[in-house]
Participant: 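Before we start, here is the structure in question, set down as structure tokens.
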Amino acid sequence: MLRQNHLHVSLLYIVLLTGTKYGCGGGGCGACTVMVSRYDQIHNRVLHYTVNACLQPICTLHGAAVVTVEGIGSTKTKLHPVQERIAKAHGSQCGFCTPGMVMSMYTLLRNKPHPTMEDIREALGGNLCRCTGYRPIIDGFKTFCVVSNAFNLFPKASCLIQSTFLLTKMHISEELFHMDNVLPLDPSQDLIFPPELMKRACGSLCFQGDRLKLISPVDLTNLLELKTEYSEAPVVVGNTTIGPNMQLKGVHHPLIIYAGRVSDLHTVTWGKDGVSMGAVCTLSSLKEEMERAVREMEAERTRGYQALLQTLRCLAGKQIRNMATIGGNILSANPKYDLNSVLAALDCTLQVMSKGTVELFTGFGKTALRPDEVLLSIDIPYSKPWEFVSAFRQAQRREFAFSIVNAGMKVVFREGTNIVESLNIYYGGVGATLVKIGRTCQKLVGRSWGEELLADACCLLEEEVELSDSAHGGKVEYRKTLTTSFFFKFYMQVLQELRERVHIQDSVCLFPLQLVSNAQSSQDPVGHPMMHQAAFHQATGEAQYYDDIPPVQGELFVFMVTSTRAHAKIINIDPSEALGMTGVVTFLSAGDVPGQNRRMLFNNPEELFAEEEVSCVGQIIGAVVAESREQARRAAQRVKVTYQDLLPVFFTIEEAIQHQSFFDLKRKLERGDMDKAFETVDQILEDEIYLGGQEHFYMETQGLIAVPKGENGELELFVASQHSAYTQEVVGITLGIDSNKITCHVRRLGGAFGGKVMKIASLSAITAIAAVKTGRAVRCVLERGDDMLITSGRHPFLGKYKVGYNNDGTIMAADITYYSNGGCTLNESSVIMEKALLHMDNGYRIPNLRGRGLVCKTYLPSYTAFRGFGGPQGLMVMESVLHEVAVKCGLPPQKVREINMYREEECYTHHKQLFSPRNMLRCWDECLDKAGYHDRLQAIQQFNTSNRWKKRGISAVPMKFGVGFSKGFYNQGAALVNIYKDGSVLVAHGGTEMGQGINTKALQIASRILKVPMSSIHIKETCTGNIPNAAPSAASFGTDAVGMAVKDACEKLMGRLKPVMENHPKYTWQQWIFEAYCQKVSLSATGFFLGPHTGVDWENSEGPAYYYFTFGACCSEVEIDCLTGDHKNLRTDIVMDVGRSLNPALDIGQIEGGFVQGIGLYTIEELQFSPEGVLMTRGPSQYKIPALCDIPPQLNVHLLANAQNPHAIYSSKGIGEPPVFLASTIFFAIKEAVAAARRERGLGDSFPLSSPATSERIRMACEDQFTEMAPSPKKGTFKPWSINI
């Protein structure tokens, strides 16, 4: 039983409940959230709480009930109101995170049927979504709030409908979603707790597995005996530290002691001096106790508890807090764990079995407990008069993230004076263990709390806090700066005796949409905000993803063996030890490839398995095939590869430039006379901007199932691919068989964002080799860390520019060179660079413009497609040019942008493509107006004048984004529509459903043409056996291509049916179809869309690169903390030209989701590589995507009214990629806020700021006396922990 020890594995493979999704394996995403219920014997009540199934050992659930998403409702029986409302509010796109969201909300309602918005925010704090931008999820769930509590996070998504029909009568149409006739929440209908589980627990339990033994004692005596007998065995309760180490890092413990059933460790006792919390009390229970104390006691006694609460609210997500214990948090001794610094500052007492005090922290992950000792409880005292306490933390993300540095501080004054009687300062994150600041505190005792003390304290802290330039975690200057900045904040708080709280009132969030005309049939769904076609199935867990497919008889599992060296010759591969392990079937390498191991991609070679050399860490060398995924994973670690290191080896763009290491393809676009222009301008500016890469972090990792059919070499692949035709092609080349014997099936993807176009083909080929070699079905599911390592993500870019401009802000010439880090193979880097160059003008008419693009060849995994495909990088460099010119001219950036915009009705891009900027200008003007830009700019200036350590900034940018493929042959689409005798319709097309709603829009189009309800039309899957040679679902072109093809097929069918309908006008649809069948009318039709010819003549810098352009504008406001670098996104207003939207709800979802992904790109998400080229951010604990706390409280999306697009289906526009770039407004607003801080200190407005604008970069750009205390070491004098690649 213990071989499959965790709950999510048991749910998936033992009881076949697939609604609980596997997203990361470390409790960092919430996709596997389930509800656990236990009976509390002491208080005679049932406790309901959420947990991460991926961390929950199933043996520790003895006596508990587990409820998964399948248990609360289904489409076959009855939906639960939570499931119904998230679906109807359009809160499910790809759907992979939806079951986890549902279970978090369901559990909240079990505990609190009438929650507040703060309750919902807390409940969802441990759930990540990569698609929606969170707003529609909140919209659906806030309907459970009592009205008075439903205003303070996201406002209700109401729709002010505006017309796109010019000569018809208009009226106000529906909102994005209705809550009429929704199922009421009826707690009486909830599942009851099984009565048999209310019996008192039995005695000690022991579970024995193949490699692991778990013992679960029930009393303290037994626990101590076990600790004495098995001194090396870890004691586990929540499993939030041991679990990830075992699951993700390969740590093995043959025996584990589970202490969660020892009642003595659960006690909570309030006394005259404070509270004693049992060591296995969860962090959630600690939070509840602290909240009750703060609520019921006088504020002076609970200052320490308030500091603890401040920390607990940001510590992990709700699920982790429900599992993790106080004792585990302390004994883990991880300096990143925020609680320890606060508890230490409060002078808490730890109760262990032997009497006496213990210095608990001795090193990273080590404590001073003896093997026979057990932590019983922790005593947390009340605060005393004249005692002040504060807690501080700074993390990559405000919540649900490990802190970079944390601190707990307490000062006690002599009564009635400002003389320091005692001072405690503890830091986490600036050493291998918790750091006690002893000397500094001792020297400050007896002194007055004033500026002299502050100055001396900062100097003393600088001396006492020692951090090596090569310290683990990097960010050394920033961490040193935070230590003094935190103390300064503490000093100011104590001095003022108050805590600042800034609340920003939310306003109504409007979505101006187009209106359908009165002439349109009420049965015609086009233009209406229709719910995602699979939303109900996704909300109930019934929607099937590739890894939800039940195991095939005899199925095997494959696990990749990857390189640990960046550039080396392979001397030998020895799989013998792996092959001798239980369950291992075979090992694959280059010699096992029956067809071609090497293929050409964009005229550059790509190897399936590395044969002679490896050129990056993470390159696939081989693969282990075994009976289970755990056996395959363990065996892969035992494959021994001998290397001989090779030179050169380098990873960064700067190093590649030094080595002149570029892929052959170099691109250039140019218009005007650059040399002449630079001679005539008033000013010349030369600068650069660096943009970091980005991980896709789709919730569903890459993988597939390969099933050999046993006849004629046929093979079926159930694969997570955006480009199934390419996957089919690569598998055929690798196996040496024709494509007609390979069938790829794609039902849906749990997110993709461009990452499942190319790399999945190689994984499919390896899995197919395993299936053919063994004659058995083989499953491949990448672990999150391996997915991030192998598949890579968005390209880092360096933009260097020389700009000639006049003093009025008019830019006359810009010469820009783009460098991208392509990694070790070209992959799609060339076309990504082309798109960056093609977007470099954005919306600006710069008469003399030159762009050059070079793809750097480095020894990193090759970078690949990502939403925007180079557009966000190309646009960002140009916006940086505009911003810096405005700074140099002393003009508002908004004015400089307006001066340089395309204005004429007919304009030509720098590659000579004709377009009209009219709608772009309309978006810009409406955005500034709806955002109240000018009034808010004045208010921000007043705020900045009044606040020294907090600053605000605002920025607005326009956008012109090309839609379609610049490689013209991709601009095609195909569909197959079958009508059956009962009148039902089956539609197949070449697009891939990955959350964007392509299937929903295809159904709407078919419904309009065929004049039948959407409920009569079905789309099963994307299949290469139905639609051959389909283009990838990418470039915001999927609906354009597929929609036209579906329309074409349906129109053919209606043309065939027309005579039957005319002869039998009173027949129903079903009767027409049956009559047509009897008349031998073909009821099957293919549709095809021959897209536009696009292409660029790079020699002459001309050509229509895109089908059309999508326009937009965005305005964002932020607030930064100058002392920590933390920032808040306060408000964003977006106006988008989407033509006449086929489905406003889906389009707004794409806009919001793309924008939030852009927030990650430009402010939060930071990939870190070691100096040896090893990716260190390989999961959600190290790599942070935006969470609910990062979304602007005011996020207003407006669709441009009266917008037309004659080029696409029903005048709509592609919208998937463009919104990502709009989040650059957050970056430039941050830059404005930093500039305000710098001006106050007499520093220049012009300063370097790379993207993403992390808290570290923001803080260090706000130069002050504290940053001066942490000077940057000289390059070459130390080995950095991480490098900017």
Side-chain angles (χ1 to χ4, degrees), residues 118 121-122 125-126 238 240-241 274-275 277 281-295 299 302-348 350 360-361 378-383 387-411 424-430 434-437 479 482-483 485-487 489-490 493-494 499-501 1121 1123-1124 1126 1181 1187 1189 1255:
E118 177 58 28
R121 187 204 65 76
E122 181 183 359
T240 56
T241 297
V275 63
M277 299 289 301
C281 290
T282 65
L283 300 184
S284 287
S285 62
L286 173 63
K287 180 172 176 287
E288 290 168 6
E289 293 294 335
M290 295 299 99
E291 286 173 336
R292 185 164 66 86
V294 169
R295 188 169 58 248
T302 62
R303 280 178 171 155
Y305 298 165
Q306 291 171 39
L308 273 173
L309 272 177
Q310 182 182 340
T311 297
L312 286 165
R313 289 185 181 120
C314 299
L315 197 155
K318 181 73 171 176
Q319 297 93 321
I320 294 293
R321 291 199 297 270
N322 290 337
M323 301 171 72
T325 64
I326 307 168
N329 198 271
I330 294 171
L331 296 179
S332 295
N334 189 329
K336 288 186 174 183
Y337 288 3
D338 304 339
L339 212 56
N340 292 329
S341 58
V342 189
L343 294 174
L346 291 175
D347 293 316
C348 295
L350 301 174
L360 205 61
F361 302 101
I378 179 167
D379 298 338
I380 310 173
Y382 296 126
S383 294
E387 179 178 299
F388 299 88
V389 186
S390 287
F392 303 96
R393 75 187 301 271
Q394 185 58 47
Q396 293 169 272
R397 191 170 58 203
R398 189 171 297 111
E399 298 174 8
F400 198 20
F402 287 123
S403 61
I404 299 168
V405 176
N406 61 78
M409 302 184 188
K410 184 182 79 169
V411 62
N424 287 353
I425 300 175
Y426 288 86
Y427 288 116
V430 293
L434 188 68
V435 174
K436 178 180 180 179
I437 305 301
R479 288 153 70 186
L482 284 177
T483 60
S485 295
F486 283 166
F487 182 78
K489 288 171 77 77
F490 180 59
Q493 288 177 4
V494 172
R499 301 178 186 276
E500 295 182 4
R501 295 286 187 267
D1121 184 329
L1123 288 168
T1124 64
D1126 190 47
S1181 62
C1189 59
S1255 58

Participant: Assess whether side-chain contact (heavy atoms from CB on, under 4.5 Å) is satisfied between Ile404 and Ser1255, documenting all intermediate values.
Facilitator: CA-CA 10 Å; Ile404 299 168; Ser1255 58; 4.1 Å; yes
Participant: Do Leu286 and Thr325 touch side chain to side chain, with heavy atoms closer than 4.5 Å?
Facilitator: no
Participant: Does Asp1126 have any salt bridge (Lys or Arg N to Asp or Glu O under 4.0 Å) partners at least two apart in sequence or in another chain, and if so, which?
Facilitator: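 Here the qualifying residues are Arg398.
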Participant: Main chain of Val405, side chain of Arg479: is a donor-acceptor contact present, judged purely on distance under 3.5 Å?
Facilitator: no
Participant: What's the shortest heavy-atom distance between Gly304 and Ser383, and which atoms?
Facilitator: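 Minimum heavy-atom separation between Gly304 and Ser383: N-OG, 2.8 Å.
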Participant: Given Leu339, which of Ile330, Asn406, Ile378, Asn329 fulfils the side chain to side chain contact (heavy atoms under 4.5 Å, CB included) condition?
Facilitator: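 For Leu339, the side chain to side chain contact (heavy atoms under 4.5 Å, CB included) test succeeds with only one of Ile330, Asn406, Ile378, Asn329, which is Asn329.
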Participant: Ignoring hydrogens, what is the shortest heavy-atom contact between Phe400 and Gly125? Give both atom names and the distance.
Facilitator: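 Result for this residue pair: CD2-O, 3.3 Å.
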Participant: On a heavy-atom basis, which atom in Glu291 and which in Leu309 lie closest, and how many Å separate them?
Facilitator: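 The pair with the smallest heavy-atom distance is CG-CD2, 3.5 Å.
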Participant: Might you point out which heavy atoms bring Ala345 and Tyr426 nearest each other, and give the distance in Å?
Facilitator: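 So the minimum-distance heavy-atom pair works out to N-CD1, 3.6 Å.
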Participant: Among Gln396, Gln394, Arg393, find the one that has a side chain to side chain contact (heavy atoms under 4.5 Å, CB included) with Ser403.
Facilitator: Arg393
Participant: Do you know which two heavy atoms are closest between Gly274 and Tyr382, and how far apart they sit?
Facilitator: N-CE1, 3.3 Å
Participant: Could you check whether Glu399 pairs with Arg121 (Lys NZ or Arg NE/NH1/NH2 to Asp/Glu carboxylate O, under 4.0 Å)?
Facilitator: yes
Participant: Can you name the ring pair (Phe, Tyr, Trp, His ring centres under 6.0 Å) partners of Phe402, sequence neighbours left out?
Facilitator: Tyr337
Participant: With a 3.5 Å distance limit and no angle check, can you tell me whether Ser485 reaches the backbone of Leu1123 through a side-chain donor-acceptor pair?
Facilitator: yes
Participant: What's the spacing between Lys287 NZ and Leu315 CG if we round to 0.5 Å?
Facilitator: 11.5 Å
Participant: Which heavy-atom pair separates Ala344 from Asn424 by the least distance, and what is that distance?
Facilitator: O-ND2, 4.2 Å
Participant: Might you work through the salt bridge (charged side-chain N to carboxylate O under 4.0 Å, His left out) test for Arg295 and Glu288, ending with a clear yes or no?
Facilitator: CA-CA 10 Å; Arg295 188 169 58 248; Glu288 290 168 6; over 6 Å; no
Participant: Please work out which of the three classes, parallel, tilted or perpendicular, describes the rings of Phe486 and Phe392, given edges at 30° and 60°.
Facilitator: parallel
Participant: List for me each residue that meets side chain to side chain contact (heavy atoms under 4.5 Å, CB included) alongside Glu289, sequence neighbours excluded, and say none if there are none.
Facilitator: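 So Glu289 forms a side chain to side chain contact (heavy atoms under 4.5 Å, CB included) with Val268, Trp270, Met277, Arg292.
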Participant: Can you confirm whether Leu434 sits close enough to Pro335 that some side-chain heavy atom of one is under 4.5 Å from a side-chain heavy atom of the other?
Facilitator: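 Contact flag for Leu434/Pro335 side chains = no.
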Participant: If you apply the rule side-chain hydrogen bond (donor to acceptor under 3.5 Å, both in side chains), what do you find for Asn322 with Ser284, and how did you get there?
Facilitator: CA-CA 5 Å; Asn322 290 337; Ser284 287; 2.6 Å; yes
Participant: Could you tell me whether the side chain of Met323 reaches within less than 4.5 Å of the side chain of Thr282, counting heavy atoms only?
Facilitator: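 No, side chains not in contact.
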